[in-house]
Amino acid sequence: MTQNELHRPVLSLDIGGTKIAAAVVGPGGRLLAKARVATPDSAVEGVLVDVAAKAARQALSQASLEMRDVEAVGVSCAGIINTVDGVVVYSPNVPALRRTPLRSMLAERLDKTVRLANDATLAALGEWEFGLHRSVSDLVYVTVSTGIGGGIIAGGRLLDGACGAGGEVGHMTIDVNGPPCPCGRSGCWEALASGRALAERTVSRLEEGETSIIGELSGGEMSNVDAHMVAIAAHEGDRLATEMIESTAFYVGVGLGNLINIFNPSMVVIGGGLTKIGEPLMGPASRIARERAYVSTAGEVDIRTALLGDDSPLLGAAALVWGLDGS
């Protein structure tokens, strides 16, 4: 029996801009139950905490467990997290979270010890621990979805940074004259390579008069255009959609090349919704990453898609509670 199979179950929460997922995670990373609710459209932090607690209790009920049966609560949250103080400093897609003491609020509401970290950081930990089973000691994880986040495993431990904000790779500057980013700056990787950026570039071209079946798919409403719709159009052979995915793959590859140069990882793991586009995105992105990285580094790194999908941050939150982050 391995060390992580000796632990009691953990209640995990994953708080994002559109949904709050909850899971009961058993020894060895077994998912015993899951629940999901919509993130409330409210700027009131107490409302968010209420909804998160509701999701937590739904997951416990599905697992036929009580709060006393779990070791603690692990929380994955989008945004900049001060893990020392347990505060969400800023979360662009969750209006309720601005300098919010989320750890203490959830601990009080659930009457349980809570550990809190960034969602992409915990996704890296989940993939490393339960997907790759620690087969490498140096790993860069990147999630490419509505935004871009990341997590770093270096020398067999999770790279946390001075206050828990390590791995915010989505906000490295790729183009100083690039488009504005939700973080308030411009030219960030997220502003060029994310699902949001893909949709915005596509809408801009459509509004300039480009012809595309995306106009029909969206019902003529540009607000309906998203990365998934662009991917559908590209699959149908649409020229504009194909071009937009190619440009996104280029920017994804440029960012990956930078990360390979900085961290010299054994492996780069890419997760998030955009990976569902598959080879049209991942193939060119991997090629461009290798072209832009140092030759000696690029030839050795293994670039692959994530194994655990949407479950990786929930599993990473459990690993954090169990102290499996290498700290």
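Sequential numbering from 1 along the given sequence is applied to the chain's residues. These values consider heavy atoms only, across backbone and side chains, with no hydrogens, waters or symmetry-generated copies.
We find that R8 and D69 are not joined by a salt bridge, their nearest charged nitrogen and carboxylate oxygen being 4.0 Å or further apart. In this structure, K112 does not pair ionically with E71, as no charged nitrogen and carboxylate oxygen lie closer than 4.0 Å. Using a 4.0 Å cut-off between charged nitrogen and carboxylate oxygen, R205 and E243 count as a salt-bridge pair. Ionic pairing of D85 and R103 is not present here: no N-O contact between side-chain nitrogen and carboxylate oxygen is shorter than 4.0 angstrom.
N118 and S76 are not linked by any side-chain donor-acceptor pair at a separation below 3.5 angstrom, with hydrogens and angles left out of the test. Under 3.5 Å, the side chains of N261 and N258 contain no donor-acceptor pair of N or O atoms. Checking R201 against T248 by side-chain atom types alone, a donor-acceptor pair falls below 3.5 Å. Counting only N and O atoms by type, the side chains of S212 and D238 include a donor and acceptor under 3.5 Å apart.
Residues that satisfy the salt bridge (Lys or Arg N to Asp or Glu O under 4.0 Å) test with K276, not counting sequence neighbours, are absent from this structure. Every side chain to side chain contact (heavy atoms under 4.5 Å, CB included) that E200 has, sequence neighbours left out, goes to R196.
Minimum heavy-atom separation, G195 to L274: CA-CD1, 3.5 Å.
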* To do: Please test T275 against M282 for side-chain contact (heavy atoms from CB on, under 4.5 Å), starting from the C-alpha separation and ending with a verdict.
  => CA-CA 7 Å; T275 62; M282 297 299 297; 4.2 Å; yes
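Following chains of ILVMFWY side-chain contacts shorter than 4.5 Å, one cannot reach V142 starting from L125, and the two form parts of different hydrophobic clusters.
Checking each of L217, I214, T242 against V230 for a side-chain contact (heavy atoms from CB on, under 4.5 Å) leaves exactly one that passes, namely I214.
I303 places a side-chain heavy atom less than 4.5 Å from the side chain of I260.
The CD1 atom of I174 lies 11.0 Å from the SG atom of C181; values are rounded to the nearest 0.5 Å.
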